[in-house]
Amino acid sequence: MYKLLNGLKAHTTAIVITLTTLLTFSISAEYELLEAFYEASRTHEDWELDELAVLVLNLSVGLIWFLIVRSRQLSRAVKERDKAEKAAQKIARHDALTGLANRRAFSDHIENLKLSEKTTEKSIMVMMLDLDRFKAVNDLHGHASGDYVLTETAKRITDVMRDGDFAARLGGDEFAITLAPGSTVERAERIARRLLTAIAKPVNNEGTKIPLGASIGISRIVLGQGVSIALQLADQALYTAKKAGRGQFAWYNVEMDESAKERQQLEQDLRLTVRNEEIVPYFQPVFCMATGKLCGFEALARWRHPDKGMISPEIFIEIAEDIGLISQLGWSMLEQACNSAGEWDPSLKLAVNFSPVQFRDPNLVVMVRKILRETGFDPQRLEIEITETAIVLDFDLAKRSIEQLRELGVSLALDDFGTGFSSLSNLRLLPFDRLKIDRSFVTGIYSCLENQKIVTGILALANELELTVTAEGVENLQDHQFLMSMEYQCQQGQGYHYAKPLPGDEIDRLLETKWSNLHRNGDQDGVEPVPFAKFA
């Protein structure tokens, strides 16, 4: 009926013309008006009534034709307006990139479930899905690739959904899903596992395989609690999933509230802290294991929170990666470290860690050159440490960056060797200067046969490739002595057995006193030093 009324409304002019014509014809026929007009025209020929009648007839036909054409134009305009309104409504309720519903449509869907007479359930399952480290995808591959990943993610979510389920993109890399009313806990977990499996498959974009992953938070809410509560609870569950290691799902429970609030506060504090450069470098000495000679320092990020004290790097580095501050933090650390070490003995090297995101910055070499120039730090003294994660995503780019950095005079070290995607081809094709054996293989090596075999293999490989090796995590005399007794030499060591990380002003003092001869001497923070005779 509605469509019929709209159709009649669109053709009002044509209908009026038709009815008017029929009415006029009926009146003329009833009163024989044409015959009367004919007689009058013959009686008064000098009035030229016939010519006047022809003129009136022509004008009437022209007017009728104009009205018909105008009616059709108005009809088309109405149709185009209706079409535009429908398109505008779709745009207002759908995400332009992925085609999924948007936050507004998601809110309306939950409200409609509450008001629907067909919904007998009093609660529904809500999922919050977030891509793991999506910021790195944009930074490493560009925003066009990031958009492609989001579109592909939306398709994979849609493929897993069934009738009654509803998915929306809330913004960025956040997606929300409501399961059909009546869904069980078992179904919710089954859907979550399917989503994680589907999204974990690498995205192939123009020949580049982009690794992907996701975390999911699930909550059950009572219809009527409100959309904001639904998303808040699912988001807190999502945070739990990410904190547990990503690539998994977690359910909301009441204990999450305090943890989520603490995380949010840390994020806010970290943004301000990074902007004010309040995360500072501490420096851990690196010694020659054979002679005890001080070789240099590794700069390590440290954050002393005004209320919480020292925050572990494992916590704030992960947060910095999640909220896109890791590059800004990395450049701040490099600049501060170069300023602190600029006046130290020229023979001392300075090692600085670069995150994978920072290492793949298009302005990498420009930024390093700029900081070296502004701080006056000698490039020959700088060693940049990267992990293999920075290499595997784009080997060609990594190779170019390493070669350009070496042209500046900067040396390169492969950090955490043995824990990631270790590949002989990386060592053969990339011009590294040093390998750093991860502390997980070094600490307690004297009592772990498996780690002894791994370190032996790494040292043999480095010896063949003529690479120097630094062992991280030398925590006690037994670790040191075992490394010194091995067939292949480990040239350098760092760890609490030698010295703990210290702030720059403390290093200045020690270089003027205890390390004035650049050798270990005296007691270091409660750790009895090894007599130098035993180092030979």
Which heavy atom of [X] sits nearest a heavy atom of [Y], and at what distance?
X      : Y      : result
Ile216 : Ala192 : CD1-O, 3.7 Å
Ala230 : Ser219 : O-OG, 3.7 Å
Leu195 : Ile157 : CD2-CA, 3.8 Å
Cys490 : Ala471 : SG-CB, 3.6 Å

Answer whether the closest heavy-atom distance between the side chains of [X] and [Y] falls below 4.5 Å.
X      : Y      : value
Ile191 : Met127 : yes
Leu150 : Phe175 : yes
Arg187 : Arg162 : yes
Met125 : Trp251 : yes
Leu518 : Leu511 : yes
Ile437 : Phe417 : no
Asp378 : Pro346 : no
Ser340 : Ile507 : no

[Y] backbone acceptor or donor facing [X] side chain under 3.5 Å:
X      : Y      : answer
Thr197 : Arg194 : no
His497 : Gly495 : no
Asn205 : Thr208 : no

Applying side-chain hydrogen bond (donor to acceptor under 3.5 Å, both in side chains), name anything that partners Lys242, two or more places apart in sequence or on another chain.
-> Asp130, Asp132
Side-chain donor-acceptor pairs under 3.5 Å in residues 274-284, sequence neighbours left out?
{"unit_1": "Asn276", "atom_1": "ND2", "unit_2": "Leu272", "atom_2": "O", "d": "3.3"}
{"unit_1": "Gln284", "atom_1": "OE1", "unit_2": "Gln494", "atom_2": "NE2", "d": "3.1"}
{"unit_1": "Gln284", "atom_1": "NE2", "unit_2": "Ala499", "atom_2": "O", "d": "3.2"}

Does [X] have any salt bridge (Lys or Arg N to Asp or Glu O under 4.0 Å) partners at least two apart in sequence or in another chain, and if so, which?
X      : result
Arg103 : none
Lys135 : Asp139
Arg271 : none
Asp361 : none

Exercise answer: donor-acceptor pairs, residues 442-456 side-chain atoms, under 3.5 Å, sequence neighbours excluded:
{"unit_1": "Thr443", "atom_1": "OG1", "unit_2": "Arg439", "atom_2": "O", "d": "3.4"}
{"unit_1": "Thr443", "atom_1": "OG1", "unit_2": "Gly473", "atom_2": "O", "d": "2.7"}
{"unit_1": "Ser447", "atom_1": "OG", "unit_2": "Gly444", "atom_2": "O", "d": "3.1"}
{"unit_1": "Asn451", "atom_1": "ND2", "unit_2": "Ser440", "atom_2": "O", "d": "3.3"}
{"unit_1": "Gln452", "atom_1": "NE2", "unit_2": "Ile445", "atom_2": "O", "d": "2.8"}
{"unit_1": "Gln452", "atom_1": "NE2", "unit_2": "Tyr446", "atom_2": "O", "d": "3.3"}
{"unit_1": "Thr456", "atom_1": "OG1", "unit_2": "Gln452", "atom_2": "O", "d": "2.7"}

Determine whether the side chains of Ser332 and Gln336 contain a donor N or O and an acceptor N or O closer than 3.5 Å.
->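 There is such a pair between these side chains.
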Donor on one side chain, acceptor on other, Asp269 and His305, under 3.5 Å =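 Note: Asp269 and His305 side chains meet the donor-acceptor criterion.
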Which atom pairs, one a donor and one an acceptor, fall under 3.5 Å between side chains of residues 461-469 and the rest of the protein, sequence neighbours left out?
{"unit_1": "Thr468", "atom_1": "OG1", "unit_2": "Asp433", "atom_2": "O", "d": "3.2"}
{"unit_1": "Thr468", "atom_1": "OG1", "unit_2": "Arg434", "atom_2": "NH1", "d": "3.3"}

Where at least one partner belongs to residues 294-315, residue pairs that pass salt bridge (Lys or Arg N to Asp or Glu O under 4.0 Å), sequence neighbours excluded |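 Sorted pair list: Glu298-Lys436.
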Salt bridge (Lys or Arg N to Asp or Glu O under 4.0 Å) contacts touching residues 395-405 (sequence neighbours left out) | Lys399-Glu403
When you look at Leu414 and Leu430, which way does the side-chain contact (heavy atoms from CB on, under 4.5 Å) test go after all the steps?
-> CA-CA 10 Å; Leu414 186 58; Leu430 297 175; over 6 Å; no
List the steps, then state whether side-chain contact (heavy atoms from CB on, under 4.5 Å) holds for Val357 with Glu321.
-> CA-CA 9 Å; Val357 172; Glu321 289 177 344; over 6 Å; no
Can you tell me how far CE of Met367 sits from CG of Leu334, rounded to the nearest 0.5 angstrom?
-> 8.5 Å
If you round to the nearest 0.5 Å, how far is CG of Leu131 from OG1 of Thr153?
->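 Output value for this atom pair is 4.5 Å.
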Would you check, one step at a time, whether the test side-chain contact (heavy atoms from CB on, under 4.5 Å) holds for Leu382 with Leu405?
-> CA-CA 10 Å; Leu382 178 62; Leu405 288 171; over 6 Å; no
Does any pair with a residue in residues 347-391 pass ring pair (Phe, Tyr, Trp, His ring centres under 6.0 Å), and if so which ones, sequence neighbours excluded?
->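 Only Trp331-Phe354 qualify under ring pair (Phe, Tyr, Trp, His ring centres under 6.0 Å).
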Start with the C-alpha distance between Cys295 and Gln491, add both sets of side-chain angles, then the distance that settles side-chain contact (heavy atoms from CB on, under 4.5 Å), and finish with yes or no.
-> CA-CA 10 Å; Cys295 302; Gln491 290 88 352; over 6 Å; no
Name all residues meeting the ring pair (Phe, Tyr, Trp, His ring centres under 6.0 Å) criterion together with Phe106; count only those two or more places apart in sequence or in a different chain, and write none if there are none.
-> none
